[in-house]
Number of protein chains: 2
Amino acid sequence: MINTYSDQSHLLVAVDCIIFGFDNEELKLLLIKRNFEPEKGNWSLMGGFLQDDETSENAASRVLLKLTGLHDVYLEQIHTFSDPNRDPVERTISITYYALINIEHHNEELSRQHSAEWFSLSEVPPLIFDHGQMVRYAINRLRYKASTQPIGFELLPEKFTMRQLQKLYEAIQGQELDKRNFAKKINQLDVLTKLDEKDMNSSKRGSYLFKFDKEKYEASQNNFWIKI
Amino acid sequence: MINTYSDQSHLLVAVDCIIFGFDNEELKLLLIKRNFEPEKGNWSLMGGFLQDDETSENAASRVLLKLTGLHDVYLEQIHTFSDPNRDPVERTISITYYALINIEHHNEELSRQHSAEWFSLSEVPPLIFDHGQMVRYAINRLRYKASTQPIGFELLPEKFTMRQLQKLYEAIQGQELDKRNFAKKINQLDVLTKLDEKDMNSSKRGSYLFKFDKEKYEASQNNFWIKI
DNA sequence: TCAAAAGTGTTAAGCCTACACCCATGA
DNA sequence: TCATGGGTGTAGGCTTAACACTTTTGA
């Protein structure tokens, strides 16, 4: 039996991660300053080459761990970019993933080492290569996903107020929502547990804290899917 | 400036195509019989290796042309499969695309050369490697796409009856639809032109033929998207 | 006592679903 | 004349969207 497809070209394969975070007001992206030529000093997504023994998802997790110190990050594959000239150094295929992380959990020392910074979606600087396009794909996918599933709990602290959740959805969707309708819809989904605790930071009156209930979520998960 | 990332592993990259067709009754898949070891004689998706000067989309088009003789086929990237052991011969990354083609337009001589055959979705044979998983991803994506956009005209002849279109949607969605509601919905979308011509094959009375109106479609395309 | 955010229901419109009969024609 | 598939409209239920006032409490 043959054991290589030996006459075929072999290419570099990388993963690039679009890392979303939420600061209770805006949706943000974690970008790094590229520290080698070409495009040294310009803003870039965090990425890495696919190693021999790992899947692209493993590679994306590894890259995220390296930059943020976080394990078990929510990841979803978006699209693979393959233009022969997308990387001027050498042809590289890039498999992109988006990640949702809690801004407060990430390791600041590691980000500093990579000259990483958070940018609001409205203030994303020009990015190297086709990374801008990757970000646009990721935002679209995140919006779609958020419109069909109660995603995004990964972006919030464990306990959060209804208003924080609403702000998150507003940030993802890029539009304001009515708070009564929002609460109604979320309650219908029945995936949150209302706690007796209140968060006293945001107002004098305080607002109830909620927790995401994974069990309820998994039990009813099918319902969130669009009808097909 | 460096001009290679020389210490990194280079991998084979392939595209695999999930080719959908419609025979006025059922949604079908075009599969080929693999003609080399391992898994020689087993059913497989049509695929090919990415060449030096082409994008993965170009590669998918090339592969489709080779098998079907068709240019300008509707293609959409689905997912990239990267398990290190997915191909026992040699590690290969596979970027998958689904294609929608009109069964009657494809070149039968070419399919014969590749020992290709159409299979109903309900009778897909076991496939090599992870190709079964690829098919499942493609079906899900096609269903999603069809539920948000008037896709699938690529699967029909240029002129088609409302009933043919309905059968197509039923095949994609895997469920029967009410013909009055279906016609209403399609008419609301306002992307078809009703012709004066009738198709006399399907019934004694005959049924009106329609054409897909690309201009109307593009003019109103945004409306089909789910609200986000 | 005032400012600031939290919490809470109702109504109207639009959309989706279910459902049945007549029409035109070839055999 | 009859069997076959084609074509068409309406009513009820459900979902979504719009909308405002009272509560709490720290300053």
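Residue numbers begin at 1 in each chain, while the letters A, B, ... track the order of the sequences. Nothing here was measured: the structure is a model prediction, and the numbers come from that model.
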Whole angstrom is fine here: how far is it from [atom1] in [X] over to [atom2] in [N]?
{"X": "Asp199(B)", "N": "dG5(D)", "atom1": "CG", "atom2": "P", "value": "13 Å"}
{"X": "Tyr208(A)", "N": "dT23(D)", "atom1": "OH", "atom2": "P", "value": "15 Å"}
{"X": "Leu209(A)", "N": "dG7(C)", "atom1": "CG", "atom2": "P", "value": "9 Å"}
{"X": "Leu165(B)", "N": "dG6(D)", "atom1": "CG", "atom2": "P", "value": "13 Å"}
{"X": "Asn181(B)", "N": "dA11(D)", "atom1": "CG", "atom2": "P", "value": "15 Å"}

Short side-chain N/O contact to dA6(C) OP1/OP2 from Arg163(A), under 4.0 Å: yes

N/O donor-acceptor pair, side chain [X] with base [N], under 3.5 angstrom:
{"X": "Lys179(B)", "N": "dG7(D)", "value": "yes"}
{"X": "Lys185(A)", "N": "dT15(D)", "value": "no"}
{"X": "Arg205(A)", "N": "dA6(C)", "value": "yes"}
{"X": "Lys184(A)", "N": "dT10(C)", "value": "yes"}

Between OG1 on residue Thr193(A) and CG on residue Asp213(A), distance to nearest 0.5 Å: 4.0 Å

Side-chain donor-acceptor pair present, Tyr97(A), Ser56(A), cut-off under 3.5 Å: yes

Donor on one side chain, acceptor on other, Asn58(B) and Ser61(B), under 3.5 Å: no

His106(B) vs Trp118(B) side-chain heavy atoms within contact, under 4.5 Å: yes

Among dT25(C), dG6(D), dA20(C), the one nearest Arg180(B) by side-chain distance: dA20(C)

Nearest listed nucleotide, side chain of Lys204(A), among dA5(C), dG6(D), dT25(D): dT25(D)

Given DNA chain C, 5'-ward residue of the pair Ser207(A) and Asp178(A), judged by closest heavy atom: Ser207(A)

